[in-house]
Amino acid sequence: QVQLVESGGGLVQAGGSLRLSCAASGRSWSISAMGWGWYRQAPGKQRELVASISSGAITNYADSVKGRFTISRDNSKNTVYLQMISLKPEDTAEYYCNLGNGRWNYWGQGTQVTVSE
């Protein structure tokens, strides 16, 4: 089994920055062949995909975060990052990392990001 551990969430003012990390442990030999995604869910709203990066390092972003968020991965550390700048109150949500290959799918425990006015 694979376990994902997230860190980096917190409370920031609008315009500030945060960097989220998600590290995978277990079955590390297959992690580099999988894709990563960052999702977020605000209270009363559906979970949405905000950024993804494939095993070939191809990235995609939701329109709402494009130009402000950057997803990256370090295969040597089995870790994915989400660098967030120019944060807005509407970015407030619980953020979850996801790791999968179409056969297996793993989720992090979630980390709260709160952006104040």
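Residues take their numbers from the sequence shown, with the count starting at 1. Source: prediction; values computed, not measured.
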* Heavy atoms of other groups near Gln3 CD, more than 12 under 6.0 Å -> no
Using a 3.5 Å cut-off and no angle test, enumerate the donor-acceptor pairs between side-chain atoms of residues 10-23 and protein atoms at least two apart in sequence or in another chain.
none

* Asked: Rounded to the nearest 0.5 Å, how far apart are CD1 of Ile53 and CE of Met34?
  -> 15.5 Å
* For Tyr39, what residues pass the ring pair (Phe, Tyr, Trp, His ring centres under 6.0 Å) criterion, not counting sequence neighbours? -> Trp107
* To the nearest 0.5 Å, what is the distance between CG (Asn78) and OG (Ser32)? -> 7.5 Å
* Structure fact -> Taken in chain and number order and not counting sequence neighbours, the residues that satisfy side chain to side chain contact (heavy atoms under 4.5 Å, CB included) with Ser72 are Tyr81
* Which value, rounded to the nearest 0.5 Å, describes the distance between Glu94 atom CD and Glu6 atom CD? -> 7.5 Å
* Take Val50 and Met84 through the test side-chain contact (heavy atoms from CB on, under 4.5 Å) and record every step on the way to the result. => CA-CA 11 Å; Val50 298; Met84 306 182 292; over 6 Å; no
* Asked: For Asn75 and Arg73, which heavy atoms make the closest approach, and how far apart are they?
  -> OD1-NE, 2.8 Å
* Asked: Quick one: does Thr111's side chain have a donor or acceptor within less than 3.5 Å of a partner on Tyr95's backbone?
  -> no
* **Non-hydrogen side-chain atoms of Ser64 and Arg40 separated by less than 4.5 Å** => yes
* Structure fact -> Heavy-atom nearest pair, Leu4 first then Gln109, reads O-OE1, 3.6 Å
* If Ile, Leu, Val, Met, Phe, Trp and Tyr residues are connected whenever their side-chain heavy atoms lie under 4.5 Å apart, and connections chain through other members, are Tyr61 and Val115 in the same group? -> yes
* Which atom names give the shortest non-hydrogen contact between Ser116 and Pro89, and what distance separates them? -> O-CG, 4.4 Å
* Structure fact -> For Gln112 and Thr92 the tightest heavy-atom approach is NE2-CG2, 4.0 Å
* Short question: side chain of Asp74, backbone of Val80 - any donor-acceptor pair under 3.5 Å? -> no
* Asked: Do you reckon Phe69 sits in the same ILVMFWY cluster as Trp38, going by side-chain contacts under 4.5 Å, direct or chained?
  -> yes
* **hydrophobic_cluster_shared for Val113 and Val65, side chain cutoff 4.5 Å** => yes
* Structure fact -> Correct closest heavy-atom pair for Ala62 and Leu49 would be CB-O, 3.6 Å
* Asked: If you look at every heavy atom in Arg68 and Lys88, which pair is closest and at what distance?
  -> NE-CE, 3.8 Å
* Verify the cluster assignment for Trp104 and Val2: are they in a single hydrophobic cluster under the rule of side-chain heavy atoms below 4.5 Å apart? => yes
* How long is the span from the CD1 atom in Ile71 to the CG atom in Asn60, to the nearest 0.5 Å? -> 9.5 Å
